[in-house]
Amino acid sequence: MKDYLQQEVQLEGWVYNIRSSGSVQFILLRDGTGLVQAVASRQALSPESFALAKRLTQEASLRLRGRVREDARSPGGVELEVSDLELVGPSQDYPITLKEHGTAFLMEHRHLWLRSLRQTAILRVRATIVKAMRDYMDGQGFTLVDAPILTPAAVEGTTTLFPVEYFNETAYLSQSGQLYNEATCMALERVYCFGPAFRAEKSNTRRHLTELWMMEPEAAFFTYEDNLRLQEGLICSIVEQVLTHRSRELEALQRNSDALRKVMAPFPRITYDDALQLLAEGGLELPWGEDLGAPQEAFLSCRYEKPVFLTHFPVACKAFYMKPDPLRPEVTLSADLLAPEGYGEIIGGSERIDSLELLEERIRQHNLPMELYRWYLDLRRFGSVPHAGFGIGVERTVAWICGLEHIRESIPFPRMLEKMYP
RNA sequence: UGCCUGGUAGCUCAAUUGGCAGAGCGGCUGGCUGUUAACCAGCAUGUUCGAGGUUCGAGUCCUCGCCAGGCAGCCA
C-alpha cells in the first residue's frame, strides 16, 4: 500500500471488523495479503454508498475504490479514503467473532476459522516450510519421485492401515513411501517423495493426525553418517528460510524467534544408552529395550536448545528394514530427530538393511507376508548397495516452528481420531 | 482404549447450602466527524447435552448414555 500513496486504487476483500464514529465508518479490510483500514465518510460518499457502509457486517465481501494516504492514526500508517464501495457478497451472523472461542467451536468452523490472522500466518509458514524442504532437496541433487497412495500391504505392520475397497480386493492407504523410495533410489540414486500418509492408530494426542504429510528422502550409497548430515542441513535451511521470509507471521504468532535462531549445525547426538542414563538421572527410568514414551521424549527434547539426534535404538523398537550396527548387532543404525522446547520427534530415519538374507529373516521374524515383499527383496538381489533415508513430518515441523500447542492448527483441515468435519 | 475435567443464550462464562435463569460479547434499534477487539443508551434471545431417579422443590445430588477438552497408552 505504501507504494501507492496518493494514487487511486481498487481493493477487493472481506470485512475483518467495523468501527464507527457517526459520520465516519472505519472498515478493516482483509484480503489475501493482509489487513488495511479503509475510511468511509459521509462527506466523501453518495448517500446510498454511505448507507451501505453503515450496514456492513463482519466478513461481507467488498470492492472498494479510493485514494491511498498516510495517516498515523491508522493501524499500519496508511489507509484507503473510500470514494466508492460495492458489496460483492453479504454476510449475515458470521459465527466467529473477534472475542474468545473454545477449541471445539473453532474446529467445527475450521473452514471459517482459517480466515483469522493467526491461521493465515500458520498457513503461510507451512507453505514456506514445504518450499524450503523441496528447494533444499533439489539443491542437494535429489529428484522428486512420487510414491503410490494405494498400496497392497503395510510398510511396517498391518494393524494401523485404512483399508479401501479396490475393485474385488482390499487396498490400503499408504502410511509411508519409504519402501518405494528404496526402489526408485536404485534408479536415480538420490530421491525423495512428498505426500500424504495415513495412519489408523487410535491416538488421541496433541501430536497425532490420521492424515499427515511427509517428505521422505532416500539415497543410494548413503551411510548412517551421511543421513544425519543431510538432516542437519535440511532443518537449518528450513528454519533460515522461515526466519528470512516469514518474520511478520512469526510475530503474529508471538513465536519467540530467538529460540529458532539457535538452530545451527551440528546438532547434539545421544545414543539410546546415553538417553536411558540421562532419563534415570531425571527420575524417568526405563528398562533397556523399551521404546521411549511421551514423558521421556519431552524430557530429552527440553534438555537442549537445538534439535537433538537420538541414535542407536534397540532392534526390537524399530522397523524391520533398519540396519543393525555391525559393531553392536542388538542396536540399529537409526536416528530420530527431536525438536527442542518439548516438541519431540519430527524425523525418523536409518540406514537400511542391504543384505538379502538378513532382510528375509527380519520379514519372517515380524510375521510379514513374504509374498508381498517379493519386489522389495528383488532390490537386494540385483545390485544391492548401502542406502539410507528418513521421513520428516510436515505438521510436526510446522507446529514446532510456529510454536503451536496442538498439531490440529498445523494443517488446514486436520483429520484426527473420529474427527473429519469439515 | 483408560483416567481426569467439563457440557447453561449464537459465542465465552456466572448462578452461595438443592430455593426467581444471569452477565459480557455477538445480533437488532437509536446516538456519536478519527475509531484502534471503539464507545454510549435501549431491545430480543434458553429443550440448562439426553434418558431415568432422589426431593415439597434439581442447572446444582445419584445412575446410565452421548459429546467435547486434557493426559496417558498405542504410534514415527
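Convention: sequence-line order gives letters A, B, ...; per-chain numbering from 1.
Nucleic acid contact for A:Pro95: none, since no nucleic acid atom lies under 4.0 Å from a heavy atom of the residue. Using a 4.0 Å heavy-atom cutoff across all strands shown, A:Gly102 reaches sugar-phosphate atoms only and no base atom. A:Arg55 comes within 4.0 angstrom of nothing in the nucleic acid, heavy atoms only. Note on A:His101: only backbone sugar-phosphate atoms sit closer than 4.0 angstrom, heavy atoms only; bases stay farther off. As judged by a 4.0 angstrom heavy-atom cut-off over every strand, A:Ser203 is placed among the base-contacting residues. Among the protein residues, A:His109 comes within range of no part of the nucleic acid, since none of its heavy atoms lies under 4.0 Å from any strand.
Between A:Glu351 and A:Lys323 there is a salt bridge, since a side-chain N of the basic residue sits under 4.0 Å from a carboxylate O of the acidic one.
Among the nucleotides B:C74, B:C11, B:G70, the one closest to any side-chain atom of A:Thr205 is B:C74. Relative to the side chain of A:Glu201, the nucleotides B:A37, B:G69, B:C75 differ in distance, and B:C75 lies closest. The side chain of A:Arg396 has B:C75 as its nearest neighbour among B:G69, B:A37, B:C75.
Counted by atom type alone, A:Tyr321 and A:Gln178 present one or more donor-acceptor pairs between their side chains at under 3.5 Å.
As a whole-Å value, the separation of A:Phe105 CZ from B:C67 C1' is 16 Å. Look at CZ on A:Arg207: it is 13 Å from P on B:C74, rounded to the nearest Å. Taking atom CG on A:Leu161 and atom P on B:C75, their separation rounds to 13 Å, with Å as the unit. Distance, A:Met214 CE to B:C75 P: 16 Å, rounded to whole Å.
B:A44 makes up no base pair with any nucleotide shown, lacking Watson-Crick or G-U wobble contacts both under 3.5 Å. Judged by Watson-Crick or G-U wobble contacts below 3.5 Å, the nucleotide B:C64 has B:G50 as its partner. The partner of B:G22, taking Watson-Crick or G-U wobble pairs whose two distances both stay under 3.5 Å, is B:C13. In this entry B:G69 has B:C4 as its Watson-Crick or G-U wobble partner, both defining distances falling under 3.5 Å.
To the nearest whole angstrom, the two C1' atoms, one in B:A9 and one in B:C13, are 11 Å apart. Look at the P atom in both B:U29 and B:A21: the space between them is 31 Å, to the nearest Å. For the C1' atoms, the distance from B:C3 to B:C74 is 15 Å, rounded to whole Å. B:C4 and B:G10 are spaced 30 Å apart, taking the C1' atom of each and rounding to whole Å. Straight-line distance between the P atoms of B:C56 and B:C66: roughly 32 Å, to the nearest whole Å. As rounded to the nearest Å, B:U12 and B:G6 have C1' atoms that lie 14 Å from one another. Distance check on atom C1': B:U5 versus B:U45 gives 29 Å, rounded to whole Å. Rounded to the nearest Å, the gap between the C1' atom of B:U17 and that of B:U63 is 23 Å.
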Solution key, residues 287-294 of chain A side-chain donor-acceptor pairs under 3.5 Å, sequence neighbours excluded:
from, atom 1, to, atom 2, distance (Å)
A:Trp288, NE1, A:Asp273, OD1, 2.9

Counting only pairs under 3.5 Å, give me each side-chain donor-acceptor contact of residues 393-400 of chain A, with atom names and distances, residues two or more places apart or in other chains.
from, atom 1, to, atom 2, distance (Å)
A:Glu395, OE1, A:Trp213, N, 2.9
A:Glu395, OE2, A:Arg126, NH1, 2.9
A:Glu395, OE2, A:Arg126, NH2, 3.1
A:Glu395, OE2, A:Trp213, N, 3.4
A:Arg396, NE, A:Arg207, O, 3.2
A:Arg396, NH1, A:Glu345, O, 3.3
A:Arg396, NH2, A:Arg207, O, 3.2
A:Thr397, OG1, A:Gly393, O, 2.7

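For residues 284-313 of chain A, proximity to RNA chain B is found at A:Gly293, A:Ala294, A:Pro295, defined as any non-hydrogen atom under 4.0 angstrom from a strand atom.
Listed by chain and number, the residues in a side-chain hydrogen bond (donor to acceptor under 3.5 Å, both in side chains) with A:Thr57 amount to none (sequence neighbours excluded). Not counting sequence neighbours, A:His111 has no partner by the ring-ring contact (aromatic ring centres under 6.0 Å, His included) test. Take A:Tyr166 and apply the ring-ring contact (aromatic ring centres under 6.0 Å, His included) test, not counting sequence neighbours, and it matches no residue.
Relative orientation of the A:Tyr376 and A:Phe320 rings is perpendicular, given thresholds of 30° and 60° on the angle between their planes.
Pairs engaging residues 7-57 of chain A under the ring pair (Phe, Tyr, Trp, His ring centres under 6.0 Å) rule: none recorded [sequence neighbours left out]. For residues 331-342 of chain A, the pairs satisfying side chain to side chain donor-acceptor pair (under 3.5 Å) are A:Arg255-A:Glu341, A:Lys318-A:Asp336, A:Thr332-A:Ser334, with sequence neighbours left out.
The two residues A:Met137 and A:Leu234 come nearest to each other via the heavy atoms SD-CD1, 4.3 Å.
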note = Nucleotide by nucleotide, nucleotides 25-34 of chain B touches protein heavy atoms under 4.0 Å in the pattern (B base, S sugar-phosphate only, - none) SSS----BBB
